[in-house]
K.L.:
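Structure below; questions to follow.
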2 protein chains.
Amino acid sequence: MKTGKRSAHHNQVGDHCSRWTVPREEIFNLLIQSQQHLSAKEAYAILNPSNPAIGLTTIYRTLDLLDRAGLVRRVNTGDGQVRFEYRRGHDSDHHHHLICTGCGKILNYRDFEKEELDLVRKTEDILAKKYGFLIREHNIEFLGLCPDCRPGGKNSPLK
Amino acid sequence: MKTGKRSAHHNQVGDHCSRWTVPREEIFNLLIQSQQHLSAKEAYAILNPSNPAIGLTTIYRTLDLLDRAGLVRRVNTGDGQVRFEYRRGHDSDHHHHLICTGCGKILNYRDFEKEELDLVRKTEDILAKKYGFLIREHNIEFLGLCPDCRPGGKNSPLK
DNA sequence: ATGATAATGATAATCATTATCATTAATAAA
DNA sequence: TTTATTAATGATAATGATTATCATTATCAT
C-alpha cells in the first residue's frame, strides 16, 4: 500500500502527530476538495464507497487533529453536528456564513466591504485594550431565510 | 399551588403554548436573573435545591419554548452543551461574544462604535440584495485568550 | 366542581462523539 | 531487507446531551 506521505503538510501537522497516513491523506483531501462544510458522518458517507477500510472513529480523530493543527476550521451550525471546512490560510479564503434557519443551507460569502475589514480590525483592537483579550479569530454569521424559505419562496408555508 | 400567571409574558409566548405554569415561571426567572449563559443541566442544578419537583426534561422543553418565542437566545459555545441567555429585546441589550479558547469563559460586550452598527446594517442590506436572504439576526464572536490564559497569564503554560 | 386537554416528570430511546483495546501499519534500527 | 518499536486504526462499548413516550397531574373554561 502506498504511503502517501506529504511533506508539505507533514511539517504543519508534525507538532500534533508523527505519521501522515493514508486515511489522513484521504480525509484531508476530501476536505480540501469539498465545497461544503462536512460533518464526520457526512465525510464517512462520502469516503466509504471508495475507502471502506476507513472507520468513522478515524474520521473523528483526524478532523480533530486537522483542527488542532489549524488546517481545518470547526463550524458550529447549531443543528447538533459539528462541521469542518478546509482553511486555506490566505486572507483571500476568509469568509463569513449566511445560514438559512429554514432549511439549514449554509452559504459562504467573502464579498466584504473594505469597511467591514477595517471595522473588525478596529474592534479587535478595542477589545484587546479594554478586556485584555488576545484575539485570534472571529466568526460572523448572519441568520435568516434563503430565497426558497422566505415568505413567497417555494419551501415557504406562506406562498 | 400558586398559578404564577404573568400576563405580560403570556402574550408573547401565547403563539407557542397556552399555559404559563409555575415551572415555566421559575425557569424563565432564572434565565432573567442569571448573568451567565446557562445550559439545561446547569439550570437544573441551580433550580433543583429550591424546586426539586422540576424535572430536567421540563427544563429542556421550556428553554426550547422560550427560544421559539424569542424570549431567550441560544448560544453555541462549541463545548457540546447548548446554552441560553435572556434576550432583552431592546437594542441596548444587543451584544457580541468574546470567548476564551483557553478556559471557555464568555464575555459579552456591547461597547459598539456607532460605525459598527451602521456597518452591520449595511452588510445585511447588501447580502439581502445579493443572495436574496431575508436576514433576521446575526452573531459575531471573537475567539482568543483571556487575560488569565494568554501568555504571561496565571493559567498559561508560558509564564 | 367538572371535563377537556396541555404540561409534567420518570423513563427509555437517540444521536453525536469519545474511550478502550486488540490488531495493523509506519518508521527506525540492525 | 528484516525486525523491533510504537503510533494509528477500526470495531465495539461507553458516554453525555438531547428528545420521544406515556401515564399522571395541573390548568382553564365552563
Side-chain angles (χ1 to χ4, degrees), chain A residues 1-7 9-11 13-28 37-45 47-48 50-69 72 74-84 104, chain B residues 1-7 9-11 13-28 37-45 47-48 50-69 72 74-84 104:
Chain A
M1 198 184 266
K2 194 166 158 296
T3 293
K5 179 166 171 178
R6 176 191 272 259
S7 54
H9 296 122
H10 190 263
N11 286 337
V13 177
D15 299 333
H16 302 89
C17 74
S18 59
R19 291 172 192 173
W20 187 255
T21 63
V22 172
R24 287 174 177 178
E25 172 83 6
E26 293 298 328
I27 295 165
F28 187 41
H37 309 73
L38 296 177
S39 68
K41 289 273 175 84
E42 289 167 345
Y44 180 77
L47 284 176
N48 192 259
S50 50
N51 299 71
I54 299 179
L56 180 56
T57 306
T58 297
I59 298 192
Y60 275 106
R61 275 192 292 234
T62 302
L63 290 174
D64 184 59
L65 170 70
L66 294 172
D67 176 43
R68 276 181 289 123
V72 137
R74 211 173 267 267
V75 180
N76 235 306
T77 61
D79 69 338
Q81 270 182 277
V82 176
R83 276 159 222 286
F84 295 83
Chain B
M1 199 184 266
K2 191 164 161 294
T3 292
K5 179 164 171 180
R6 177 191 273 257
S7 55
H9 297 121
H10 190 262
N11 286 336
V13 176
D15 297 335
H16 301 89
C17 75
S18 60
R19 290 173 192 172
W20 187 255
T21 64
V22 172
R24 286 173 180 177
E25 172 83 5
E26 294 298 328
I27 296 165
F28 187 41
H37 309 73
L38 295 178
S39 69
K41 291 274 174 83
E42 289 167 344
Y44 180 76
L47 285 176
N48 192 258
S50 50
N51 300 70
I54 300 178
L56 180 56
T57 306
T58 296
I59 298 194
Y60 275 107
R61 275 192 291 234
T62 302
L63 290 174
D64 184 60
L65 170 71
L66 294 172
D67 176 44
R68 277 181 288 123
V72 136
R74 210 173 268 268
V75 180
N76 235 306
T77 61
D79 69 339
Q81 268 182 276
V82 176
R83 276 160 223 285
F84 295 83

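First the proteins, then the strands, lettered A, B, ... as listed; each starts at 1. Excluded from the calculations below are hydrogen atoms, water molecules and symmetry mates; all remaining heavy atoms, backbone and side chain alike, are included.
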K.L.:
Atom pairs under 3.5 Å, N or O on each side, protein against nucleotides 12-14 of chain D: can you list them with distances?
P.N.:
unit_1 : atom_1 : unit_2  : atom_2 : d
D:dT12 : O4     : A:Thr57 : OG1    : 3.3

K.L.:
Looking only at heavy atoms, what is the nearest atom pair of A:Ile27 and A:Thr58, with distance?
P.N.:
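Taking every non-hydrogen atom into account, CD1-O, 4.0 Å.
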K.L.:
When you measure from the side chain of A:Ala53, which nucleotide among D:dG10, C:dG9, D:dT27 comes out closest?
P.N.:
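Selected nucleotide: D:dG10.
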K.L.:
For the side chain of A:Lys41, counting heavy atoms from C-beta on, which of C:dA16, D:dT18, D:dG10 is nearest?
P.N.:
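Taking heavy atoms from C-beta onward, the closest nucleotide is C:dA16.
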K.L.:
Taking OH from B:Tyr44 and P from D:dT18, how many angstroms apart are they, rounded to a whole number?
P.N.:
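Result: 15 Å.
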K.L.:
Would you mind reading off the distance between B:Ile59 atom CD1 and C:dA10 atom C1', rounded to a whole angstrom?
P.N.:
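Computing the B:Ile59:CD1 to C:dA10:C1' distance gives 14 Å.
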K.L.:
Can you tell me which nucleotide in C:dA26, D:dT27, C:dT8 comes closest to the side chain of B:Val22?
P.N.:
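Of the candidates, D:dT27 comes closest.
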K.L.:
Of all residues at least two apart in sequence or in a different chain, which pass the side chain to side chain donor-acceptor pair (under 3.5 Å) check with B:Asn51?
P.N.:
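With sequence neighbours excluded, B:Asn51 shows a side chain to side chain donor-acceptor pair (under 3.5 Å) to no residue whatsoever.
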K.L.:
To the nearest Å, how far apart are B:Asp64 CG and C:dT8 P?
P.N.:
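Between P of C:dT8 and CG of B:Asp64: 13 Å.
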K.L.:
Rounding to a whole Å, what distance do you find between A:Tyr60:OH and D:dA11:P?
P.N.:
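Whole-Å distance recorded here is 15 Å.
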K.L.:
Is the backbone of B:Arg19 close enough, under 3.5 Å, to the side chain of B:Arg24 for a donor and an acceptor to pair up by distance?
P.N.:
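Indeed, once roles are kept as given, a pair shorter than 3.5 Å links the two residues.
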K.L.:
Looking only at the side chain of A:Arg19 (C-beta and beyond, no hydrogens), which of the listed nucleotides D:dA17, C:dA26, D:dT9 gets closest?
P.N.:
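Selected nucleotide: C:dA26.
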K.L.:
With heavy-atom distances below 4.5 Å as the criterion, would you say the side chains of A:His37 and A:Phe84 are in contact?
P.N.:
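Answer no - side chains too far apart.
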K.L.:
Which one, D:dT18, C:dA16, C:dG9, comes nearest to the side chain of B:Gln81?
P.N.:
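Closest nucleotide among those given: D:dT18.
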K.L.:
Do the side-chain N or O atoms of B:Thr21 get closer than 4.0 angstrom to the phosphate oxygens (OP1, OP2) of D:dT27?
P.N.:
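Looking at the OP1 and OP2 atoms of D:dT27, neither is under 4.0 Å from any side-chain N or O of B:Thr21.
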K.L.:
Which pairs would a plain distance check flag for residues 38-45 of chain A, meaning a side-chain donor or acceptor within less than 3.5 Å of a matching protein atom at least two apart in sequence or in another chain?
P.N.:
unit_1  : atom_1 : unit_2  : atom_2 : d
A:Ser39 : OG     : A:Glu42 : N      : 3.1
A:Ser39 : OG     : A:Glu42 : OE1    : 3.4
A:Ser39 : OG     : A:Gln81 : NE2    : 2.7
A:Glu42 : OE1    : A:Ser39 : N      : 2.9
A:Glu42 : OE1    : A:Arg83 : NH1    : 2.7
A:Glu42 : OE2    : A:Arg83 : NH1    : 2.7
A:Tyr44 : OH     : A:Asn48 : ND2    : 3.3

K.L.:
Choosing from C:dT17, D:dA8, D:dT18, which nucleotide comes nearest the side chain of A:Arg24?
P.N.:
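Looking only at side-chain atoms, A:Arg24 lies closest to D:dA8.
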K.L.:
From the list D:dT27, D:dA17, C:dG9, which nucleotide is the closest neighbour of the side chain of B:Ile54?
P.N.:
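Comparing D:dT27, D:dA17, C:dG9 against the side chain of B:Ile54, the answer is C:dG9.
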K.L.:
How many whole angstroms separate atom CG of A:Leu65 from atom P of D:dA8?
P.N.:
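So the two atoms are 8 Å apart, to the nearest Å.
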K.L.:
Rounded to the nearest 0.5 Å, how far apart are OG1 of A:Thr21 and CD of A:Glu25?
P.N.:
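Here the rounded value is 9.0 Å.
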K.L.:
End-to-end bend of the helix from C:dA1-D:dT30 to C:dA30-D:dT1 (five-pair axes, 10° rounding)?
P.N.:
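Rounded value for the end-axis angle: 30°.
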K.L.:
C:dT17, D:dT18, D:dT21: which one has an atom nearest the side-chain heavy atoms of B:Arg61?
P.N.:
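From the listed options, D:dT21 comes nearest.
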K.L.:
Can you figure out which of C:dA26, D:dT9, D:dT18 approaches the side chain of B:Leu56 most closely?
P.N.:
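Per side-chain heavy atoms of B:Leu56, the pick is D:dT18.
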K.L.:
In whole angstrom, give the distance that lies between atom CG of A:Leu63 and atom C1' of D:dT9.
P.N.:
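Rounded to whole Å, this separation is 15 Å.
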K.L.:
What pairs with B:Asp67 under salt bridge (charged side-chain N to carboxylate O under 4.0 Å, His left out), at least two apart in sequence or on another chain?
P.N.:
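B:Asp67: salt bridge (charged side-chain N to carboxylate O under 4.0 Å, His left out) contacts with B:Arg74.
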K.L.:
Round to a whole Å and report the spacing from CG of A:Asp67 to P of C:dT17.
P.N.:
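From A:Asp67 CG to C:dT17 P: 13 Å.
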K.L.:
Identify which one of B:Thr62, B:Val22, B:Ile59 satisfies the side-chain contact (heavy atoms from CB on, under 4.5 Å) criterion when paired with B:Ile54.
P.N.:
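Result for side-chain contact (heavy atoms from CB on, under 4.5 Å) with B:Ile54: B:Ile59.
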K.L.:
From CD of A:Glu25 over to P of C:dA25, roughly how many Å is that when rounded to an integer?
P.N.:
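Whole-Å distance recorded here is 18 Å.
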